[in-house]
Amino acid sequence: MGDSYEQHVVLFPFMSKGHTIPLLHFARLLLLRHNTAVTVFTTPANHPFVAESLHGTTASIVVLPFPTVDGIESTDQLPSMSLFYKFATATATMQPHFEHALENEITIPRISFMVTDSFLWWTLQSATKFNVPRFAYYGMNCYSVCLCREAVFSGIFGGAQPDDELVTLTRFPWIKLCKNDFEAAFRNSDPKSDAYEFNTKVISAVGCSYGMLVNSFYELESVFVDHINEESCPKSWCVGPFCLPQHTPNVHLIPGEKPRWIEWLDEKLEEKESVVYVAFGSQAEISDEQFYEIAKGLEESMVNFLWVIRKAEWTLPDGFEERVEKRGIVVREWVDQREILMHESVEGFLSHCGWNSVLESICAGVPILAWPMMAEQHLNARMVDEEIKIGLRVETSDGSVRGFVKCEGLRKSVKELMEGEKGREGRKKVMKLADIAKNAVQEGGSSCSTLNLLFQEICTHHNELAPMSNSETTPSNNNI
Ligand SMILES: O=c1ccn([C@@H]2O[C@H](COP(=O)(O)OP(=O)(O)O[C@H]3O[C@H](CO)[C@@H](O)[C@H](O)[C@H]3O)[C@@H](O)[C@H]2O)c(=O)[nH]1
């Protein structure tokens, strides 16, 4: 790495597509600052994905060994998400290799700060040893962070009320939540459980970090950003959407080079037809029974759809693709989701509400039909439907937040998104937010200014430390 760089940022994403992709976008965003060098840490099996994503940039990639029993290095490959805690805990085996690289391999220029995923809690110890400020990347927005904290502090989980009964939050009285808005593992208060142990380590390491880096923008959730920054530690820095500044939709200049689903969307655009995009992220688990109802609901809705199916074992009803031939397309490959959302024919997104999907939909000005499945997605769905009002929720058969979705419920909800009043209102609102998001990442916008401030603060922090290079640094246990 050359001497012309004044700043050097280390990024260490967690090995899951929904966590890695945004930090790779953030790497590109950092590289727009010409004086900044970026080093990204990853594992052998994730290296090709990271390298392809950073192709054509000056980012350096460091590969650390990750010895797992089954050779799985990304959560989307796990046979079941019940193995998540085992997988996430195993990342700690990388700590000595990470520290070896910090001490010997990537010493020039001196590291300004590191952004490591909150699930890699042990990186705080490494950052502390080498006197490098650590920003924890949560993957969640400030709304969900605040709601998780409030639910814990207000004792919602311990209350005697049924799991689906709504409780008003004292700090945010316009918000009602139920126990089922949270994963059972997150509510588990048994200190001996894997979930409790892991979450405790993660939360306490975030609390002792220099800051929290958030893939969001201030105008989207100012009440919640302010709440975090006024009432708790560490400070949150909203510098997103990470996917925006450097995104130019793929331009397929050579005929025949376009993926078939983009050609299909082009055809729909020519026919002046709108399309709903259907995708549930990189790790959702869907039962065969539920999968069948999705297929039937889409077929009966009579809307045009592009459906990305993640798992080979999810089988479509007999003759499905023939019956929907003219108005539906099923894709079983990895797609450029942002390119699809940006396509002019796409006017609705049936989504599991992973935070990246929600943000990408906001940036593309596409309203959402929210069908949360796991993690913090139920909170994101409340945000979409009740807080920022850019869509609606899918109708479940018993009205509960985790209820089964029958084909009639799906058909009605999809129609409402594409042709109904709630869809229309959501579309207007999300288009305004798309403009605000674009402004946020422009020079002078809130996210751009926050990132500048972060760099300024880190420079001041460095100047206060004795000048020395990393190679001269004696590992110590001083807190930053
Ligand atoms: O074929 C595909 C499939 C996915 N994606 C991208 O993969 C990412 C998926 O992220 P997200 O929508 O957030 O879904 P998950 O993969 O489910 O994300 C996990 O991580 C998120 C960030 O922490 C959480 O909000 C979610 O709840 C959690 O499930 C997005 O950038 C998509 O654009 C593609 O580009 N092509």
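Numbering of ligands and ligand atoms starts at 1, following listing order. Quick caveat: nothing in here was measured; it's all calculated off a predicted structure.
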Look at K326 together with E267 and state whether they make a salt bridge at an N to O cut-off of under 4.0 Å.
-> no

Salt-bridged, E165 to K179, with N to O below 4.0 Å?
-> no

Any ion pair linking E395 and K412 (charged N to carboxylate O, less than 4.0 Å)?
-> yes

Which option, E376, E360, H378, owns the non-hydrogen atom nearest atom 30 (C) of ligand 1?
-> E360

Looking at G139, which atoms of ligand 1 are within less than 4.0 Å of one of its heavy atoms?
-> 22 (C), 23 (O)

Ion pair present between D385 and R393, side-chain N to carboxylate O less than 4.0 angstrom?
-> no

Check each atom of ligand 1 against the heavy atoms of A375 and keep those under 4.0 Å away; list them by number with element.
-> 27 (O)

Is W355 in polar range of ligand 1, meaning some N or O pair under 3.5 Å apart?
-> yes

Proximal atoms of ligand 1 relative to S282 (non-hydrogen, under 4.0 Å) | 15 (P), 16 (O), 17 (O)

Identify the closest protein heavy atom to atom 18 (O) of ligand 1: which residue and atom is it, and at what distance?
-> G18 CA, 3.7 Å

Is a salt bridge present between E425 and K389, judged by a nitrogen-to-oxygen distance below 4.0 Å?
-> no

In the protein, what heavy atom is nearest to atom 12 (O) of ligand 1, and what distance, to one decimal place, separates them?
-> S357 OG, 2.5 Å

Atom 3 (C) of ligand 1: the protein heavy-atom neighbour that sits closest, reported with distance to 0.1 Å = W334 CZ3, 3.4 Å

Side-chain donor/acceptor of S282 to backbone N/O of D76, under 3.5 Å = no

Atoms of ligand 1, numbered as shown, that sit under 4.0 Å from any heavy atom of H19 | 20 (O), 23 (O)

Ring-face cation of R33 near F455 (centre distance under 6.0 Å, axis angle within 45°) = yes

Salt-bridge present (D181, R382; N to O < 4.0 Å) | yes

Close-contact set for ligand 1 against I21 heavy atoms, below 4.0 Å | 6 (C), 7 (O), 8 (C), 31 (O)

Would you say ligand 1 has an N or O under 3.5 Å from any N or O of H352?
-> yes

K17 N/O under 3.5 Å from ligand 1 N/O | no

Among protein heavy atoms, which lies nearest atom 35 (O) of ligand 1, and at what distance?
-> V335 O, 3.2 Å

Could an N or O of ligand 1 be found under 3.5 Å from any N or O of N356, whether backbone or side chain?
-> yes

of all protein heavy atoms, closest to atom 19 (C) of ligand 1 is Q283 NE2, 3.8 Å

Check ligand 1 against Q377 and write out every atom of the ligand that is under 4.0 Å from a heavy-atom position of the residue.
-> 17 (O), 26 (C), 27 (O), 28 (C), 29 (O)

Using a strict 4.0 Å threshold on nitrogen-to-oxygen distance, state whether E183 and R402 make a salt bridge.
-> yes

